[in-house]
Structures are given as C-alpha cells and as structure tokens.
Amino acid sequence: MPGVATYVILLRGINVGRNRRLAMADLRELLAGLGATDVRTHLNSGNAVFTSTVTNARRLERDVEEAIEISLGMTVRCMLRTGAEMRAVVEGNPLRGIASDGSRLLALFLSVAPDPRLVTAHNPLTLDPDRVRIGDRVIYQWCPDGFLAAPPVGGYVEKHLGVGVTARNWNTVTKLADLATSTPARH
C-alpha cells in the first residue's frame, strides 16, 4: 500500500513493578484511535508493531505520548522506529560474535542521536569497552553476568548525553523486527 509505513514503538517503563500499568489491549486501542492499523503487541512491556499513513515519525511519537497522557494520565516516553530501522538494528549488531545469550544482550534505544561532542566527552564505551558498542540511535550492551552486574549504560547516557533511553533484550528486539517485516507494509 503506497503511503503506509510499518513502525515499532517502545514505551519506556511500562508494567515494571506495580506502578505505570498499561494493558496491551488498551495500548492497541489507543494506537488504533490514532489511525494505526495491523496493531500487534509483544509481551506485556509496552512493545507494539503497527502500520500508519503518518510518515512523520517524530510527530507520531509525540501523538502517542500525548494520547497516553490524555487518556491514561501517564507521562510515558516512547521510542519509535520504522520496520527498516528495527531490521537495521538487528543486522548491525556488532556484538554477535561474543553475545551468546539473547536474554543478556541489550539494545538501548535512544530518543535521538546524541551530540557527537558529548559522546566524545562522555563516551559510554568507557564503561565497558569490550561489551558496549554504539550504533545509529542504539547502544548495544552485552551483560554476560546479568543486567544488575553490568555497568548502568542507560542511566549514564541519559545523564551525560541528554537523550531518552529505553532498553530491550535481544530476544525481544529480534521478535519485534520479525513482526515488523511480516506486517503488510514493509517500509
């Protein structure tokens, strides 16, 4: 279909603990109310794949954040990627040679590309040079001993690079990329 794009949206901090609860049925309904079609959610942690005629990803991201705030009374940061961008995250994984467990490999999705001067001054690679790599609006982090034992790259990036971050394990990332490429529009 011309003029239709496939998107993956990642909501930050949803359904972690008792607060900020959002049923995936409500998320699907909210996205459909914004004109999204073919809406599918994955897991219970704020992941959805959908198609839309809206081609301005930033606007769509803001529209979803605003709709969540208006309809559910929650301020939730959203990271939006096209299906192609999500596939590029998977295909561009620079840690595939060392990361042997998808549940311990993270993709930290960034709200925007960080200022290169800030990256030079506060490079997250210094936190764990052998297990952290920077991609296009994504940071890959291998956590062989678990997330709690790994350096807090996400918090460091938010504090020093001034961008929003939401993380997903590799199993979730690859599943979302697969869902995005199996959705009718393949943009």
Worksheet item: Short question: side chain of Asn47, backbone of Thr41 - any donor-acceptor pair under 3.5 Å?
Response: no
Worksheet item: Under a 4.5 Å side-chain heavy-atom rule over Ile, Leu, Val, Met, Phe, Trp and Tyr, are Leu80 and Val76 clustered together?
Response: yes
Worksheet item: Between Leu125 and Val157, is there a shared hydrophobic cluster once you connect ILVMFWY residues whose side-chain heavy atoms come closer than 4.5 Å?
Response: yes
Discussion item. Just so I know, are the side chains of Leu161 and His122 near enough to count as touching, which here means a heavy-atom distance under 4.5 Å?
Written reply: yes
Worksheet item: Do Leu11 and Val54 belong to the same hydrophobic cluster, where Ile, Leu, Val, Met, Phe, Trp and Tyr are linked whenever their side-chain heavy atoms lie under 4.5 Å apart, directly or via other members?
Response: yes
Discussion item. With clusters defined by side-chain heavy atoms of hydrophobic residues (ILVMFWY) lying less than 4.5 Å apart, directly or transitively, does Val112 cluster with Val165?
Written reply: yes
Worksheet item: Out of curiosity, Trp142 CH2 to Leu106 CG, how far, rounded to the nearest 0.5 Å?
Response: 10.0 Å
Discussion item. Rounded to the nearest 0.5 Å, what separates atom CZ in Arg131 from atom CG in Leu95?
Written reply: 10.5 Å
Can you give the donor-acceptor pairs under 3.5 Å from side chains of residues 170-177 to other protein atoms, not counting sequence neighbours?
residue : atom : partner : partner atom : Å
Thr172  : OG1  : Asn169  : OD1          : 3.4
Thr174  : OG1  : Trp170  : O            : 3.1
Thr174  : OG1  : Asn171  : O            : 3.1

Discussion item. Tell me whether Glu85 contacts the main-chain N or O of Asp136 through its side chain, where contact means a donor paired with an acceptor under 3.5 Å.
Written reply: no
Item to complete: Identify the two heavy atoms, one from Ser103 and one from Phe147, that lie closest to each other, and give their separation to 0.1 Å.
Response: O-CZ, 3.0 Å
Practice prompt. Kindly say whether Thr82 contributes a backbone atom to a donor-acceptor pair with the side chain of Arg87 at under 3.5 angstrom?
Written response: no
Fill in: Min side-chain heavy-atom separation Arg28-Arg40 under 4.5 Å
no
Discussion item. Can a side-chain donor-acceptor contact be found between Arg77 and Thr166 if the only test is distance below 3.5 angstrom?
Written reply: no
Fill in: Same apolar cluster (I L V M F W Y, side chains within < 4.5 Å links), Leu118/Ile134
yes
Discussion item. So does Val4 get a backbone contact from the side chain of Thr51, meaning a donor-acceptor N/O pair under 3.5 Å?
Written reply: no
Worksheet item: Can a salt bridge be assigned to the pair Arg104 and Asp145 using a cut-off of 4.0 Å between side-chain N and carboxylate O?
Response: no
Discussion item. Please check this pair: side chain of Arg133 against backbone of Pro129, looking for a donor-acceptor N/O pair closer than 3.5 Å.
Written reply: yes
Practice prompt. Please determine if Glu61 and Arg58 form a salt bridge, counting it only when a charged side-chain N lies under 4.0 Å from a carboxylate O.
Written response: yes
Response to the item:
In terms of heavy-atom contacts, Leu22 and Asn44 come closest through O-OD1, 4.1 Å
Fill in: Sequence neighbours excluded - side-chain hydrogen bond (donor to acceptor under 3.5 Å, both in side chains) pairs with any residue from residues 151-165
Arg12-Glu158
Item to complete: Return the minimal non-hydrogen interatomic distance between Phe109 and Val89, and the atom names on each side.
Response: CE2-CG2, 4.0 Å
